[in-house]
Amino acid sequence: MSSGSSREAAPTVQREAAVEAAVAVQEELRPLVDLVGPGPTAPATVAGLDVAYAKSGDLLAAAVTVLDARTLAVVDSAVSVGRPAFGYVPGLFAFRELPALLAALDRLTTRPALLVCDGHGLAHPRRFGLACHLGVVTGLPTIGVGKTPLVGEWVPPPAERGAWSPLRDGDDVVGRVLRTQAGVKPVFVSVGHRMSLANATAQVLALSPRYRLPETTRTADRLCRDALAGAG
């Protein structure tokens, strides 16, 4: 092999090794996930977590907004801007986003009773999505709410608000396809950590009084996009 070919092969080998190591971490941490809960049924505060990327892909902003669960008003927020900590690999987004999300969580002055991630928990090829990873690392009850599915098959739920159908991956029920507003596209709810699926569904519905996405996701999305625009 020529020296040029060796130089080209080295990054590929390094990427493959990094992916293998990340998958091994997921496999090691997965047994620590609490899928039973039941989790808080009336949390005082709920945090939304979201990440936005620059068009170049080499800069991200991670935001956390803490809402009063009763009024849905934002009572605390924090943001962290930096570079992705991992390459773009489907199923391994936690390694790309987790460091920045944890940095934002550390900057909060309020400890939320529940985390709601813009992503998936159990509804993941290895049953350990971002919401599971965040829950295990922080110890907090965590829910994943995805705009689109990562795995699974489902029958569309009825059109009315609150209707849902099971999200199945093989023989496993990995989440629920939830209609948060009548006649709009559903969202994909899965357990992250220390929550039951029924409670996770109820909390997401309570956080979505007017729009398809929960207010936790909507407020965190605005904050991380504003932070990214300010960093440009």
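Everything quoted here is computed from the prediction, not taken from an experiment. Below, each value reflects all heavy atoms present in this structure, side chains not excepted, and no hydrogens, waters or symmetry copies. Start at 1 with the first residue, then count along the sequence.
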Has [X] got a side-chain atom pairing as donor or acceptor with [Y]'s backbone, closer than 3.5 angstrom?
| X | Y | value |
| --- | --- | --- |
| R107 | A78 | no |
| T216 | A47 | no |
| Q181 | Y211 | yes |
| R161 | T180 | yes |
| N199 | G39 | yes |

Do the side chains of [Y] and [X] get nearer than 4.5 Å, heavy atoms only?
| X | Y | result |
| --- | --- | --- |
| S165 | P156 | no |
| S190 | V174 | no |
| L105 | L49 | yes |
| L114 | M195 | yes |
| T142 | R194 | no |
| L228 | L60 | no |

Greater than 12 external heavy atoms within 6.0 Å of E28's CD: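 Check fails, neighbour count at 12 or below.
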
Out of the candidates D221, D50, D118, only one should pair with K147 under the salt bridge (charged side-chain N to carboxylate O under 4.0 Å, His left out) rule; please name it.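 Per the salt bridge (charged side-chain N to carboxylate O under 4.0 Å, His left out) rule, the option paired with K147 is D118, out of D221, D50, D118.
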
Can you list everything that forms a ring-ring contact (aromatic ring centres under 6.0 Å, His included) with H133? Sequence neighbours excluded, please.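 Here the qualifying residues are F95, F128.
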
Residues in ring-ring contact (aromatic ring centres under 6.0 Å, His included) with Y53, at least two apart?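 Here no residue qualifies.
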
Taking only residues two or more places apart in sequence, or in another chain, which ones meet R126 in a side chain to side chain contact (heavy atoms under 4.5 Å, CB included)?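 Partners of R126 by the side chain to side chain contact (heavy atoms under 4.5 Å, CB included) criterion, ordered by chain and then number, come out as V23, Q26, E27, R30, L92, H124.
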
Charged tip of R176 within 45° of F188 ring normal and under 6.0 Å: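 No.
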
